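Structure first, commentary second.
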Amino acid sequence: YEHGRGHAHNHAAGDTDRPVGFGRLQRKEDPRFVRGQGNYTDDVVLPGMLHGAILRSPVAHARIVSIDVSEALARPGVRAVLTGKDLEPLKLAWIPTLSYDVQAVLATDKVRFQGQEVAFVIADDRYAARDALESIDVEYDILPPLVDARHALDADAPLIRDDLEGRTDNHIQDWECGDKAATDAVFAKAEVVVTQEVVYPRVHPAPMETCGAVADFNPVSGDLTLYETSQAPHAHRTVIAMVSGIPEHKIHLISPDIGGGFGNKVGIYPGYVLAIVGSIVTGHPVKWMEDRSENLMSTSFARDYIMQGEIAATRDGKLLGLRADVLADHGAFNGVAQPTKFPAGFFNLFPGSYTWEAVHGKVTSVYTNKAPGGVAYACSFRVTEAVYFVERMIDRLAIELDMDPAELRLKNFIPASAFPYDNKAGFEYDSGEYEKTMRHAMKLIGYDELRREQQEKRTRGELMGIGISFFTEGVGAGPRKHMDILGLGMADGAELRIHPTGKAVVRISVQTQGQAHETTFAQIVAEEIGIPPEDIEVVHGDTDRTPFGLGTYGSRSTPVSGAAVALVTRKVRDKARLIAAAMLETRPEDLEWEKGRWFVKGDPSAGKTIQEIALAAHGTMQLPDGVDGNLDAEVTYDPPNLTYPYGAYFCVTDIDKDTGKVTVRRFLAVDDCGTRINPMVIEGQVHGGLTDGIGMALMEIIEFDSDGNNLGGSFMDYLIPTAMEVPDWETGFTVTPSPHHPIGAKGIGESATVGSPAAIVNSVIDALRPLGVTAMDMPCTPARVWDAMQGHAKAP
Ligand code: MCN
Ligand code: CUM
């Protein structure tokens with residue numbers, strides 16, 4: 001089926017016993033999207049609906065002296081203006097973050113980053129609300145801002161969180177993994193030690209659709225209907241119930257079509273809370289939608305890790321030890337979305353795909369006067385930072401040893417026989433055949449030939465680079481006993497209903513934002529039970545119509561919810577067997593399954609299709625014990641471990657000697673995500689992630705000036721890649737199933753974003769090697785590359 005492009009439905013009419021399961025099925029959701037019939041949060045229009053707009057702080061750090069809203073209130077069309085003082089009696093001026101900190105909904109005492117929420121205007125239309133913002137008079141007493149995380153712990157650093165009792169500095173948390181003593185011992189005996197600072201700058205997921213909500217509180221029934229841009233509807237509902245005091249069963253949360261999430265829609269933002277309060281206060285539905293600048297300046301930045309690395313090895317390239325010492329800039333509120341026991345996310349993946357004698361990782365997080373966030377943008381919970389770190393370090397060592405970076409990796413891969421593998425930093429990789437995948441990629445890209453071409457170009461003074469990244473991710477959070485968010489264990493439910501006519505509805509707790517769950521989850525059911533995917537409806541994004549579960553992020557949908565769907569389908573299949581046995585007047589053990597039907601062993605002509613069985617289940621026949629009138633089933637899946645997808649990425653760049661402009665000429669991604677459900681969807685995920693990678697490696701950064709002004713607050717300043725900057729992606733794959741996942745699938749949604757930046761930056765550094773360059777930080781803009789070419793690059 002891998003070759004069946006365009007043959008999504010390969011079964012002929014009437015051939016219902018051989019329907020498509022896995023394969024290149026066209027996306028079921030696309031007909032509505034390509035016709036402009038999607039239904040996004042901003043498309044929701046309710047009778048009597050009002051519009052909210054947020055006044056944001058123009059400065060990074062200041063005490064609020066006074067707020068005068070009288071002029072704004074007097075403007076035509078304005079219904080209400082809320083400030084932090086109005087929220088205080090409701091206990092809603094501050095809300096808990098996903099990391100057990102608190103975050104201001106509307107500032108009461110101080111503003112702590114540029115763009116922070118200060119007041120909320122509710123008016124008859126969007127324009128009246130926005131215009132009224134200009135009439136609010138806020139007097140600020142400006143305080144010195146803390147912009148550079150490297151100075152956050154200085155004795156004279158301004159104290160940002162004086163709202164927290166007893167706090168005297170900007171330190172948030174220290175976290176460690178690995179074995180410090182063993183690592184010290186390994187470094188003491190090493191022949192070669194290389195140190196390198198690796199910075200992963202602050203970037204932003206920047207989805208096409210910004211964040212927003214429509215809240216509709218019914219004062220008579222006490223019901224709250226909330227439409228929201230949410231990647232995790234059930235978790236959001238629970239948190240909103242806890243925060244607002246509205247009973248959970250009175251809250252109906254609907255996450256309609258989402259125009260991209262990339263982690264930006266995991267958090268609970270002040271705007272959502274303000275829409276709810278606004279609806280309660282005015283008695284009308286209230287819509288809040290942020291604009292592009294608000295999105296870039298205030299909701300969920302990503303990365304911002306300053307990583308000091310040290311690598312120890314033998315002269316002939318045997319890896320011995322690795323140290324990572326990280327300073328993490330978490331902004332003004334610790335709003336990082338990650339499992340509770342993992343304050344540095346899954347940075348535990350920093351040893352990468354290699355065997356080491358010992359490793360030690362340490363992360364210190366601090367407050368700064370910047371927007372909160374921290375985990376977003378296809379990050380796999382900080383695996384992005386970990387992979388970028390180790391893959392840069394490996395290349396740095398290769399330079400030191402004057403060794404080919406492919407050879408250095410091949411020499412040190414975890415061997416296939418060593419799985420399941422303890423990575424010495426607390427995680428157990430499930431499966432991998434790294435060398436095989438690497439060699440496959442080297443063959444596909446023509447590695448030796450590329451090196452020859454580069455050699456030849458160098459003699460002519462041309463700058464061509466070949467960069468490699470070999471990454472291992474850990475996705476599918478998570479085993480409930482280790483992983484929770486705000487105390488909610490990370491499991492997912494699934495419900496499958498088979499109608500009398502053999503059509504099916506599967507209800508899932510994860511939320512598609514473009515990943516095609518309506519297609520691929522139908523394919524999992526189809527593969528397991530033989531009902532064609534077009535006869536299977538996937539329901540998601542609505543807390544009233546789906547079972548509880550933790551939602552979509554960290555590429556967990558396939559590893560967790562996908563497993564739940566496979567298992568619930570098997571449960572239905574087992575039930576169908578009992579009924580088929582009764583229908584065929586035989587014992588269940590005497591039946592054999594082939595896709596779509598149970599038949600009598602040794603007599604394939606005597607069988608019943610799943611559709612026939614479904615009708616019988618609802619019919620008049622005497623049902624066997626254990627079957628009570630339908631084929632429906634439900635499960636909750638608690639994964640035993642994460643799944644560990646991996647890949648070998650190769651990037652070829654050319655650099656213009658006269659301008660420093662980097663062109664990505666070729667990029668090959670060979671991914672292994674275990675069993676492949678829909679190769680077309682997988683390729684789409686990979687293409688998108690590679691484009692993210694080009695963005696981060698070459699152009700994206702949210703910088704701040706010394707006053708704390710955000711310099712990346714629009715798409716004029718925050719550059720994202722277009723079709724002009726990306727090459728024709730080349731992809732390949734190997735298949736190493738996950739041993740613990742019911743269908744052997746691993747996640748793929750973030751692999752390319754995680755894996756590609758290191759390949760691109762390594763390629764740029766490789767191109768600049770003849771000029772003595774050994775390191776370079778993202779984004780490799782023409783100006784930075786030019787500086788590096790002139791020898792002005794920051795000392796490594
Ligand atoms: N898939 C498959 N075979 C596999 C693994 C996955 O066919 N072995 C399919 C799945 O069935 C699903 C898609 O690939 O349709 C992605 O699956 P998975 O890897 O489970 O990831 P999630 O569905 O959990 O998606 C989350 C992931 C994250 S965390 C970010 S961030 C990101 C990403 O997905 N955001 C996206 N990809 C995105 N793609 C789009 N278009 N929009 C986003 O916001
Ligand atoms: Cu971290 S971005 Mo995705 O996990 O939604």
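Everything quoted here is computed from the prediction, not taken from an experiment. Just so you know, ligand 1 is whichever comes first in the structure, and atom 1 is the first atom listed for that ligand. Nothing fancy with the numbering, it's 1 onward along the sequence. As a basis for the values below, the full set of heavy atoms in this structure was taken, side chains included, without hydrogen atoms, waters or symmetry mates.
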Worksheet item: Would you say Asp101 and His330 make side-chain contact, with heavy atoms under 4.5 Å?
Response: no
Worksheet item: Considering only protein heavy atoms, which is closest to atom 42 (N) of ligand 1, and at what distance to one decimal place?
Response: Gln513 O, 3.2 Å
Practice prompt. For Val383 and Glu473, work out which heavy atoms get closest and say how close.
Written response: CG1-CA, 3.8 Å
Item to complete: Please work out which of the three classes, parallel, tilted or perpendicular, describes the rings of Phe389 and Phe347, given edges at 30° and 60°.
Response: tilted
Item to complete: Just need the protein heavy atom nearest to atom 23 (O) of ligand 1, so name the residue and atom and give the distance.
Response: His517 NE2, 2.6 Å
Item to complete: Find all atoms of ligand 1 within a distance of less than 4.0 Å from any non-hydrogen atom belonging to Tyr553, and give their numbers and elements.
Response: 29 (S)
Item to complete: Just let me know how Gln515 lines up against ligand 1, side chain, backbone, both or neither, with a heavy-atom cut-off below 4.0 Å.
Response: both
Practice prompt. Could you see which bit of Thr675 sits under 4.0 Å from ligand 1, with heavy atoms only: side chain, backbone, both or neither?
Written response: backbone
Discussion item. Once you measure the plane-to-plane angle for Tyr644 and Phe427, does it fall in the parallel (<30°), tilted (30-60°) or perpendicular (>60°) bin?
Written reply: perpendicular
Worksheet item: Would you say Gln231 and ligand 2 have an N/O pair spaced under 3.5 Å apart?
Response: yes
Worksheet item: Under 4.0 Å from any heavy atom of Lys746, which atoms of ligand 1 are there?
Response: 4 (C), 5 (C), 8 (N)
Worksheet item: Does the N or O separation between Thr552 and ligand 1 drop below 3.5 Å for any pair?
Response: no
Worksheet entry | For Tyr377, atoms of ligand 2 separated by under 4.0 Å from a heavy atom | 2 (S)
Worksheet item: With a cut-off of under 6.0 Å to the ring centre and 45° to the axis, is Arg303 in cation-pi contact with Tyr377?
Response: yes
Worksheet entry | Ala745, any N or O under 3.5 Å of ligand 1 N or O | no
Worksheet item: What is the closest protein heavy atom to atom 1 (Cu) of ligand 2, and at what distance does it sit?
Response: Cys379 SG, 2.1 Å
Worksheet item: Which part of Thr558 is near ligand 1, with near meaning a heavy atom under 4.0 Å away: side chain, backbone, both or neither?
Response: both
Worksheet item: Within the structure, does Gly514 bring an N/O atom to less than 3.5 angstrom of an N/O atom in ligand 1?
Response: yes
Worksheet item: Does the ring of Phe346 carry Arg382 above it, NZ/CZ under 6.0 angstrom from centre and within 45° of its axis?
Response: no
Worksheet item: Do NZ/NE/NH1/NH2 and the carboxylate oxygens of Asp430 and Lys746 come within less than 4.0 Å?
Response: yes
Worksheet entry | Donor-acceptor contact present, side-chain Asp692 to main-chain Gly695, <3.5 Å | no
Item to complete: Report, in ascending order of atom number, the atoms of ligand 1 lying under 4.0 Å from any heavy atom of Val681.
Response: 9 (C), 13 (C), 14 (O), 15 (O)
Discussion item. At less than 4.0 angstrom from any non-hydrogen atom of Gly261, what atoms of ligand 1 do you find?
Written reply: 43 (C), 44 (O)
Fill in: Closest approach of any protein heavy atom to atom 7 (O) of ligand 1, naming residue and atom
Asn678 N, 2.9 Å
Item to complete: Apply the test salt bridge (charged side-chain N to carboxylate O under 4.0 Å, His left out) to residues Lys571 and Glu495: give CA-CA distance (whole Å), side-chain angles for both, the deciding distance (0.1 Å), then the verdict.
Response: CA-CA 10 Å; Lys571 218 165 156 179; Glu495 291 170 13; over 6 Å; no
Fill in: Proximity flag Gly554 to ligand 1, non-hydrogen atoms under 4.0 Å
yes
Fill in: Salt bridge Glu518-Arg32, side-chain N to carboxylate O under 4.0 Å
yes
Item to complete: With heavy atoms only and a cut-off of under 4.0 Å, state how Ile748 meets ligand 1: side chain, backbone, both or neither.
Response: both
Worksheet item: With only distance considered, is Ala378 within less than 3.5 Å of ligand 2 through an N or O on each side?
Response: no
Fill in: Geometric N/O contact Thr520 with ligand 1, under 3.5 angstrom
yes
Practice prompt. I would like to know whether His204 and Glu700 meet side-chain hydrogen bond (donor to acceptor under 3.5 Å, both in side chains); could you show each step before the answer?
Written response: CA-CA 8 Å; His204 197 281; Glu700 297 178 24; over 6 Å; no
Worksheet item: Heavy atom of Ala376 under 4.0 Å from ligand 2?
Response: yes
Response to the item:
If we number the atoms of ligand 1 from 1 as shown, the ones under 4.0 Å from a heavy atom of Arg556 are 24 (O)
Worksheet item: Short list, please: which atoms of ligand 1 are under 4.0 Å from a heavy atom of Ala378?
Response: 31 (S)
Fill in: Gly747: numbered ligand 1 atoms lying under 4.0 Å from its heavy atoms
19 (O)
Practice prompt. Inspect the contact between Asp484 and Lys341 and indicate whether a charged nitrogen and a carboxylate oxygen are less than 4.0 angstrom apart.
Written response: no
Practice prompt. Provide, to 0.1 Å, the distance between atom 4 (O) of ligand 2 and the closest protein heavy atom, together with that atom's residue and name.
Written response: Gly554 N, 2.5 Å
Worksheet item: Quick one: does Thr97's side chain get under 4.5 Å of Val336's, heavy atoms only?
Response: no
Worksheet item: What protein heavy atom sits nearest atom 30 (C) of ligand 1, and how far away is it?
Response: Glu750 CG, 3.9 Å
Item to complete: Answer yes or no for Glu750: is there a heavy-atom contact with ligand 2 below 4.0 Å?
Response: yes
Fill in: Between Asn295 and Asn264, a side-chain donor and acceptor under 3.5 Å
yes
Item to complete: Could you go through the side-chain hydrogen bond (donor to acceptor under 3.5 Å, both in side chains) check for Tyr200 and Asp304 one step at a time?
Response: CA-CA 6 Å; Tyr200 211 132; Asp304 225 339; over 6 Å; no
Practice prompt. May I ask you to decide whether Glu528 forms a salt bridge with Lys595, counting only side-chain N to carboxylate O separations under 4.0 Å?
Written response: no
Discussion item. Within 45 degrees of the ring normal and closer than 6.0 Å to the centroid, is that where the cationic atom of Arg556 sits relative to Tyr553?
Written reply: yes
Worksheet, complete the sentence: Gly263 heavy atoms within 4.0 Å reach ligand 1 at atoms 31 (S)
Practice prompt. Could you tell me whether Ile677 approaches ligand 1 through its side chain, its backbone, both or neither, with non-hydrogen atoms closer than 4.0 Å?
Written response: both
Item to complete: For atom CZ of Arg570, decide whether the heavy atoms of other residues, nucleotides or ligands shown that lie under 6.0 angstrom number more than 12.
Response: yes
Worksheet item: Where is the nearest protein heavy atom to atom 21 (O) of ligand 1: which residue, which atom, and how far?
Response: Ser555 CA, 3.6 Å
Response to the item:
Check: of Gly551, Ser557, Ala516, min heavy-atom distance to atom 22 (P) of ligand 1 comes from Ser557
Worksheet item: Just heavy atoms, cut-off under 4.0 Å: does Gln685 contact ligand 1 by side chain, backbone, both, or neither?
Response: side chain
Discussion item. With a 4.0 Å cut-off on heavy atoms, is Gly260 in contact with ligand 1?
Written reply: yes
Worksheet item: Salt bridge or not for Lys265 and Glu209, using N-O below 4.0 Å?
Response: yes
Practice prompt. Say whether Phe262, considering both its backbone and side-chain N or O atoms, lies within less than 3.5 Å of an N or O atom on ligand 1.
Written response: yes
Worksheet item: Is the closest side-chain heavy-atom distance between Ile531 and Val525 below 4.5 Å?
Response: no
Worksheet entry | Contact (N/O only, under 3.5 Å) between Phe262 and ligand 2 | no
Worksheet item: Does ligand 1 have any atom sitting under 4.0 Å from a heavy atom of Cys673?
Response: yes
